[in-house]
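First comes the structure, then the notes that go with it.
Chain letters run A, B, ... following the sequence lines, proteins first and then strands; every chain starts at 1. Just so we're clear, the structure is a prediction, and the values are computed from it rather than from any experiment.
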Protein chains: 2
Amino acid sequence: MPKATRPTRNAALLATLVAVLVVALPANAQERAQWDGVPETRLAGTYLLHTANEPNILVRVLTTGLAHPWSMAFLPNGDMLVTERPGRLRVIRGGALDPVPVAGVPPVSDAGQFTGLLEVALHPRFSENRQIYITYRTADEESRVALARARFDGRSLQDLRVLYTSAGTPFATSSGSRILFAPDGTLFMPIGGTPNSGTSGLRAQDPGDPSGKILRLRDDGTAPSDNPFVGRDGYLPEVYSLGHRNPMGLALHPLTGELWAAEHGAQGADEVNVILPGRNYGWPVVSMGREYSGDRISAQWWQEGMETPAVVWLPSVAPSGMMFYTGDRFPAWKGDLFVGAMMVGRIQRTGRIERIVLNDEGEEVGRESILAEFRRRIRDVRQGPDGLIYVLTDEEDGALLRIEPVERP
Amino acid sequence: MPKATRPTRNAALLATLVAVLVVALPANAQERAQWDGVPETRLAGTYLLHTANEPNILVRVLTTGLAHPWSMAFLPNGDMLVTERPGRLRVIRGGALDPVPVAGVPPVSDAGQFTGLLEVALHPRFSENRQIYITYRTADEESRVALARARFDGRSLQDLRVLYTSAGTPFATSSGSRILFAPDGTLFMPIGGTPNSGTSGLRAQDPGDPSGKILRLRDDGTAPSDNPFVGRDGYLPEVYSLGHRNPMGLALHPLTGELWAAEHGAQGADEVNVILPGRNYGWPVVSMGREYSGDRISAQWWQEGMETPAVVWLPSVAPSGMMFYTGDRFPAWKGDLFVGAMMVGRIQRTGRIERIVLNDEGEEVGRESILAEFRRRIRDVRQGPDGLIYVLTDEEDGALLRIEPVERP
């Protein structure tokens, strides 16, 4: 059995504490040290983990030194783009983090944990047009959610053009805005920013306000003519679905092609919903969550005409980016939904990847938490073109991880 | 820093596995050993743990060698009674487990994990009448839920009398039946046994069937005349509330005096409900859970006339016994709800105590998992007369634990 070493930042403190207490506790106080295996050190190298249906996986640290990375995109040449929330776009070039950020990123607001530079996505015909899309909160006083595109020449963004800017200021700390291109060339983009059940929450039910909505846009930022509310009085034509609190993850179901979205509930009741055009997902009229004061958001948890979530977490996990696994490298995971989870802290839970086991009809049949041992906020989880799973940890010194199968010798 | 030793039953296997893999993984494979701190060994001695609001607690193993202990009761002389599901009633006498079980326990059915000898409770005037109450599944073919009382003379049960037997056979693996005496001298007793949403589930909505109900009885097993459905055609007079799936924990809120009950949902959606007389808690008409096949139990999660839970867990934790903390030994926990949780296994979560932080209005404002490091199924959690917290782990070699504050020197 290997000798366990525990280099932690709090080692000195812990040692002192245990030393003090060991006087009163001759028996098992020392076992504390081996149970509290929190890796406080910087992640490095490769870790072997066991999971329920893929018995052995490796977690490889591809790079650290990313400041609150938010999203990632895979370039056709094998390189990757990673956004850093403070406003930098980074390149993992030939497997290593390029120390020079991509030039030409517009100024962003970084007032809170949900603002700043957020999403990066490639245009479906990137190989031809070199267009990438980003979302961010604008640096001006309004701090709106903006969607922009630019040509990426490998080192900088050229000809950046803002395609869409949300009307009305979203709530400062809550406006995830993933970008997901659909096969028809349109893109989905959520706008959160309606976290409380009062004034801001009611914006989620106002079809003339983009906050609390999932939008569907053409690749030039305009509303497609087949959007569900086009031409309807009082409705923004870009609105695809309404009644959202703060959607942070989007993915297309590999079999049905349906849009799935993960969103943050209030205290309790984070959700994944199957997003259908024109539907209302209830916030804040219907919610199982509570205010942080303990008051119920809603006395009723369902009503006619509002959609029921596909997945609920209660208590909250703080879902982030998500993906369906469609590769061949982890056969037992095929078809399952993976959602990043960021919750850490007072409730003694930790960030992790939530695996939702789905049957052939896309119905949940089980759940598993993966990477909880890392005790990191997981900000994004995506399948790479190689069928491996890439993960971003949201920290001041954030990491890009890759989950790999253990090759049998 | 103390040197960590990990005596685990799987140590040899793990060492081999790591030894094989360490060839391919020179960097961090060894860290696996320190992260997977599962105490496979028998619990013994005292453990120091940290929790969110009570920074240091001790967990003292009072005894092991209890076969699937289910419930406990505190005797006025400081001794304790503990039920073992296979059908033995044990005494913790002068702090140590008496090797001789209490004589006179009736034969019980022990066909599954929810059958056998279940609850033990003292009559409110035990000091005068020496009466104890037990619940169990009868050993005959019907395997009904029975409530019996007997005089406890310190070594045996005398004059045992069956006070109540449930009509109809409950489902084999699911009939928790706690006993909770109310200040008015009546007792509450749940009868589960309606785990699936089909035929058995519908029994929970049938007021003429005791399954899926919480009953309120006099201390002689008859129905009090002020029960909500007394005299109503088709209703059993002992029914207090209906629409339950499998309630496993009962406690009275210390301020409101209201009855709270924890119950197992299907896949997902375990609940704690505030139980009001005559109310319907929805199962299986309204449920957020799913069949294990993945199908939804119900398309709607709320309807007029059915009660909304106070607490929901999604995914499931498998709640067991519960208590409100009212003592002075853990000031930060005063007024909070503690619920045992038994879930272990495929979803990589583990048994633990769920602490539900409540505000003065009894509304949830936070949650914490305690004792998860032990990776044990927690079957019961009760406050002792000394203000400490007593815990039973549900295993073949189950333990009685006591949670104590760390006294400041």
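Of the listed residues V311(B), T308(B), V286(B), the one with more heavy-atom pairs under 4.5 angstrom with chain A than any other is T308(B). Your options are A299(A), A269(A), G294(A), and the one with the most heavy-atom pairs under 4.5 Å with chain B is G294(A).
Closest approach of R367(B) to P315(A), counting heavy atoms only: NH1-CD, 2.9 Å.
For R329(A), the side-chain contact (heavy atoms from CB on, under 4.5 Å) test picks out Y325(A), L388(A), P405(A), E407(A), with sequence neighbours left out.
Between the CD atom in E271(B) and the CG atom in L314(A) there is a gap of 10.5 Å [rounded to 0.5 Å].
Listed for the Q267(A) side chain is a donor-acceptor partner under 3.5 Å among the backbone atoms of G366(B).
For A372(A), no part lies near chain B; criterion is any non-hydrogen pair under 4.5 Å.
Pairs of residues two or more places apart, or lying in two chains, that qualify as salt bridge (Lys or Arg N to Asp or Glu O under 4.0 Å) and include a residue from residues 287-306 of chain A are R290(A)-E363(B).
Side-chain contact between W301(A) and M288(B) is present, with heavy atoms from C-beta onward closer than 4.5 Å.
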